[in-house]
**Q** 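Take this structure, written in structure tokens, and hold onto it; I'll ask about it next.
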Amino acid sequence: MNIADYYECGLSHADYLNKYGTDGDRNRWQHVYVQTQLEPEQEALLGSFAREMHVLCMAGAWCGDCAEQCPIFTVFEEASPLIHVRYVDRDAHSELKETLTICGGARVPQVVFFSEDMQQVGRYGDRTLAKYRQIAASIGGAACSSGILGETNQHAEVVREWLDEFERIQLILRTSPRLRQKHSD
């Protein structure tokens, strides 16, 4: 199966959590969603996107890293009518899990970005640089996040880093000679 085919069987944020999450999982994701506030400049940036992007997120409803990051994608999706995010469960799609490994492991969340015509544009995950810096600074602690947000500055940095990646993909799409020709711009 082509990676883009998984997008078609993917679920919205709410449908994904209803199918794969427990009440506790849904509560953790909702807590992060409510805490994720965009700055006016960030909202303006997302609102300025000119190209449609499809985003496939391989996740685990149970995963702390997913609970800390995936709700951010929903906030982005709400801020831009050109962002369309779909979720697939890592454990329900073994072939995708084997294809999207990081350092030999089935890490989540992982995001695959596609153009409007489902051409793969990029991949990103499983954690942002800010999160890895935090983990490296506290080596010797728990190996997996609990999904409970720490200080808000850390979360704001994670939001900013994910927004940087969404913007990078948008700029790839916006400057693509193929898409510029197609849209006559």
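Computed from a predicted structure; not experimentally measured. Computed from heavy atoms alone, side chains included, the values below leave out hydrogens, waters and symmetry copies. Residues: numbered from 1 along the sequence shown.
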**Q** Shortest non-hydrogen contact from Met58 to Val108?
**A**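 Of all heavy-atom pairs spanning Met58 and Val108, the closest is O-CG1, 3.4 Å.
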
**Q** Using every non-hydrogen atom in the two residues, find where Leu56 and Phe114 come nearest and quote the distance to one decimal.
**A** CB-CE1, 3.9 Å

**Q** With a 4.5 Å cut-off on side-chain heavy-atom distances among I, L, V, M, F, W and Y, is there a chain of contacts connecting Tyr124 to Ile172?
**A** yes

**Q** What are the two closest heavy atoms between Tyr16 and Asp89, and how far apart are they?
**A**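 Closest approach of Tyr16 to Asp89, heavy atoms only: OH-OD1, 2.8 Å.
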
**Q** Testing His183, His84, Met53 one by one against Glu116 for a side chain to side chain contact (heavy atoms under 4.5 Å, CB included), which residue passes?
**A**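 Exactly one pass, corresponding to His183.
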
**Q** Checking Leu171 now: which residues fulfil side-chain contact (heavy atoms from CB on, under 4.5 Å) with it, not counting sequence neighbours?
**A**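 With sequence neighbours excluded, Leu171 shows a side-chain contact (heavy atoms from CB on, under 4.5 Å) to Glu167, given in chain and number order.
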
**Q** If we ignore hydrogens and angles and just use 3.5 Å, is the side chain of Arg26 paired with the main-chain N or O of Leu17 as donor and acceptor?
**A** yes

**Q** Quick one: does Asp91's side chain get under 4.5 Å of Trp62's, heavy atoms only?
**A** yes

**Q** Looking at Ser115 and Arg178, what are the two nearest heavy atoms and their distance?
**A**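 Closest pair (atom of Ser115, atom of Arg178, distance): OG-NH2, 3.7 Å.
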
**Q** Can you give the donor-acceptor pairs under 3.5 Å from side chains of residues 40-48 to other protein atoms, not counting sequence neighbours?
**A**
residue	atom	partner	partner atom	Å
Gln42	OE1	Glu39	N	2.8
Ser48	OG	Leu45	O	2.6

**Q** Taking Gln170 for the side chain and Phe49 for the main chain, is one N or O donor matched with an acceptor at less than 3.5 Å?
**A** no

**Q** Please report the shortest heavy-atom distance between Ala130 and Glu157, naming the atom on each side.
**A** CB-CG, 3.3 Å

**Q** Apply the test side chain to side chain contact (heavy atoms under 4.5 Å, CB included) to residues Phe113 and Leu173: give CA-CA distance (whole Å), side-chain angles for both, the deciding distance (0.1 Å), then the verdict.
**A** CA-CA 10 Å; Phe113 295 92; Leu173 294 169; over 6 Å; no

**Q** Does Tyr7 form a side chain to side chain donor-acceptor pair (under 3.5 Å) with Asn2? I'd like the steps, not just the answer.
**A** CA-CA 10 Å; Tyr7 181 88; Asn2 183 324; over 6 Å; no

**Q** Check for a donor-acceptor pair, side chain of Asp164 on one end and backbone N or O of Glu161 on the other, with a separation under 3.5 Å.
**A** no

**Q** State whether the number of non-hydrogen atoms from other residues, nucleotides or ligands found under 6.0 Å of Lys182 atom NZ is greater than 12.
**A** yes

**Q** Taking the side chain as C-beta and beyond, is there a heavy-atom pair between Arg28 and Glu68 under 4.5 Å?
**A** no

**Q** Using a distance-only test with no angle check, is there a side-chain donor-acceptor pair under 3.5 angstrom linking Glu78 and His13?
**A** no

**Q** Are Gln119 and Ser176 close enough, and set up right, to give a side chain to side chain contact (heavy atoms under 4.5 Å, CB included), and what steps lead you there?
**A** CA-CA 12 Å; Gln119 297 297 310; Ser176 162; over 6 Å; no

**Q** Tell me the salt bridge (charged side-chain N to carboxylate O under 4.0 Å, His left out) pairs involving residues 6-16, sequence neighbours left out?
**A**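 Checked against salt bridge (charged side-chain N to carboxylate O under 4.0 Å, His left out) - neighbours excluded - no pair reaches residues 6-16.
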
**Q** Give me the ring orientation class for Phe76 and Phe73: parallel if the planes are under 30° apart, tilted from 30 to 60°, perpendicular past 60°.
**A**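 Rings of Phe76 and Phe73: tilted, as their planes differ by 30° to 60°.
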
**Q** Which atom pair, heavy atoms only, marks the closest approach of Leu179 to Asp185?
**A**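 Heavy-atom minimum between the residues: O-OD1, 4.3 Å.
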
